[in-house]
Amino acid sequence: MTANTNHGLVNNLKKAGIFQSERVEKAMKATDRGKYVKYDPYRDSPQQIGYGATISAPHMHAHALENLAPFLRPGMKVLDVGCGSGYLTACLAEMVGPEGKVVGIDHIPQLVKLATDNVKNDRPELLESLRVEFILGDGRKGYPEEAPYDCIHVGAAAEKMPQDLIDQLKSPGRIFIPVGSNSQYIYQIDKDSDGNVTKKSLMGVM
Ligand code: SAH
């Protein structure tokens, strides 16, 4: 599935039933994947971004945004672990609006710079207003300085359930996280308003 424009890419994902939410459509249309990927950005496939990292395929990002949508309402706070290209960080920021905040964290300094440069090139106002902030660090430990978060997106596959991230989640809140060596298992971890934590495999969406 490929398109010539960012709108074409998002329309293809919508037609394929990857997402339903109009808010997801708006966020993906507001974020030009062509500013984050050098070659063939409007094709639905993952791509190398250097330093051993990969930007996920657009349908994976659409799944993540759709899954987290109830926790991406205007004014909400988000942590994006393994921000890589910065693409999804910008989509998340669009969904939480001008009163919201997204912290993107990566452990590779060059990728923190890449994400910053990409967002500066695509939507500089997100950085100027501090709606988006990129941090260098080990995302498995979260980022307690800005906690708690309404939701946490994890782009880097984890070997086990990340207790530090669960601790930094609001009640209610949600984590979207690939677990396992080939990251083929996506989990949704929910903390309800009483603080009870449940985990659910989202295998069906893959
Ligand atoms: N979500 C991004 C990148 C996904 S690739 C995108 O779609 O563009 C996974 C990213 O996680 C890489 O950028 C990698 O550097 C980062 N990463 C891996 N382990 C990490 C850790 N422990 N802490 C922070 N970032 C990590």
Side-chain angles (χ1 to χ4, degrees), residues 6 9-10 13 18-19 24 27-28 30-68 72 78-95 102-123 126-127 132-147 149 151-168 175-187 206:
N6 194 59
L9 165 69
V10 180
L13 295 170
I18 307 293
F19 66 85
V24 171
M28 291 186 82
T31 311
D32 182 0
R33 198 167 181 274
K35 300 262 170 69
Y36 300 81
V37 175
K38 281 205 186 84
Y39 308 107
D40 220 355
Y42 308 125
R43 172 190 291 277
D44 187 20
S45 65
Q47 285 169 47
Q48 308 299 322
I49 52 171
Y51 313 98
T54 306
I55 180 171
S56 305
H59 73 269
M60 275 308 307
H61 284 150
H63 278 310
L65 292 170
E66 178 93 354
N67 179 265
L68 292 173
L72 293 171
V78 184
L79 181 65
D80 184 21
V81 174
C83 58
S85 66
Y87 167 80
L88 190 69
T89 322
C91 291
L92 293 164
E94 175 62 28
M95 287 185 71
V102 187
V103 177
I105 186 164
D106 208 285
H107 66 162
I108 298 182
Q110 292 91 335
L111 289 175
V112 173
K113 180 171 189 311
L114 178 74
T116 306
D117 290 346
N118 286 344
V119 174
K120 211 175 267 174
N121 185 29
D122 184 28
R123 305 199 50 198
L126 294 180
L127 291 167
V132 167
E133 240 186 303
F134 290 111
I135 304 285
L136 176 66
D138 181 0
R140 282 171 302 193
K141 300 196 176 92
Y143 188 63
E145 288 86 339
E146 290 277 353
Y149 303 97
C151 67
I152 301 177
H153 172 269
V154 184
E159 287 304 317
K160 52 184 170 56
M161 289 297 163
Q163 191 56 47
D164 285 336
L165 300 185
I166 294 170
D167 292 344
Q168 289 172 34
I175 302 177
F176 181 97
I177 181 170
V179 178
S181 45
N182 287 319
S183 59
Q184 68 272 59
Y185 298 98
I186 304 279
Y187 281 85
M206 297 292 292

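In each ligand, atom 1 is the first atom listed, and ligand 1 is the first ligand listed. In what follows, residues are counted from 1 in the order of the sequence shown.
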Testing the basics here: between [X] and [Y], what is the closest heavy-atom pair and its distance to 0.1 Å?
X	Y	value
Asp106	Leu111	OD1-CD1, 3.8 Å
Asp44	Leu9	N-CD1, 4.4 Å
Ser85	Ile55	OG-CD1, 3.4 Å

>> Quick test of your reading of the structure: of Gly82, Gly155, Ala53, whose heavy atom lies closest to atom 2 (C) of ligand 1?
In response: Gly82
>> Heavy atoms only: which of Ser85, Gly84, Ala64 lies closest to atom 8 (O) of ligand 1?
In response: Ser85
Check this for me - ligand 1, [X], N or O atoms closer than 3.5 angstrom, yes or no?
X	answer
Asp138	yes
His61	yes
Gly139	yes
His153	no

Quick test: of every protein heavy atom, which one is nearest to [atom], and how far off is it to 0.1 Å?
atom	value
atom 25 (N) of ligand 1	His107 N, 3.3 Å
atom 4 (C) of ligand 1	Thr54 O, 3.2 Å
atom 16 (C) of ligand 1	Asp106 OD2, 3.4 Å

> Do Asp167 and Gln163 have side-chain atoms, one donor and one acceptor, less than 3.5 Å apart?
Replying inline: yes
> Do Asp32 and Tyr42 meet the criterion of a side-chain donor-acceptor pair at a distance under 3.5 Å?
Replying inline: yes
> Touching ligand 1 at all, Ala115? Heavy atoms, strictly under 4.0 Å?
Replying inline: no
> Under a heavy-atom criterion of less than 4.0 Å, does Leu88 contact ligand 1?
Replying inline: no
Closer than 4.0 Å to some heavy atom of [X] - which atoms of ligand 1 meet that?
X	value
Ala156	11 (O), 17 (N), 18 (C), 19 (N)
Gly137	23 (N), 24 (C)
Leu111	13 (O), 15 (O)
Ser56	7 (O)
Ile108	15 (O)

>> If you apply the rule side-chain hydrogen bond (donor to acceptor under 3.5 Å, both in side chains), what do you find for Asp122 with Tyr36, and how did you get there?
In response: CA-CA 8 Å; Asp122 184 28; Tyr36 300 81; 2.8 Å; yes
>> Please verify the inter-ring angle class for Phe176 with His153; under 30° counts as parallel, over 60° as perpendicular, anything in between as tilted.
In response: parallel
> When the ring planes of His59 and His63 are compared, do they come out parallel, tilted or perpendicular, using 30° and 60° as the limits?
Replying inline: perpendicular
>> Rounded at 0.5 Å granularity, tell me how far CD1 in Ile135 sits from OG1 in Thr116.
In response: 9.5 Å
> Could you state the interatomic distance from CE (Met28) to CD (Glu94), rounded to the nearest 0.5 Å?
Replying inline: 12.5 Å
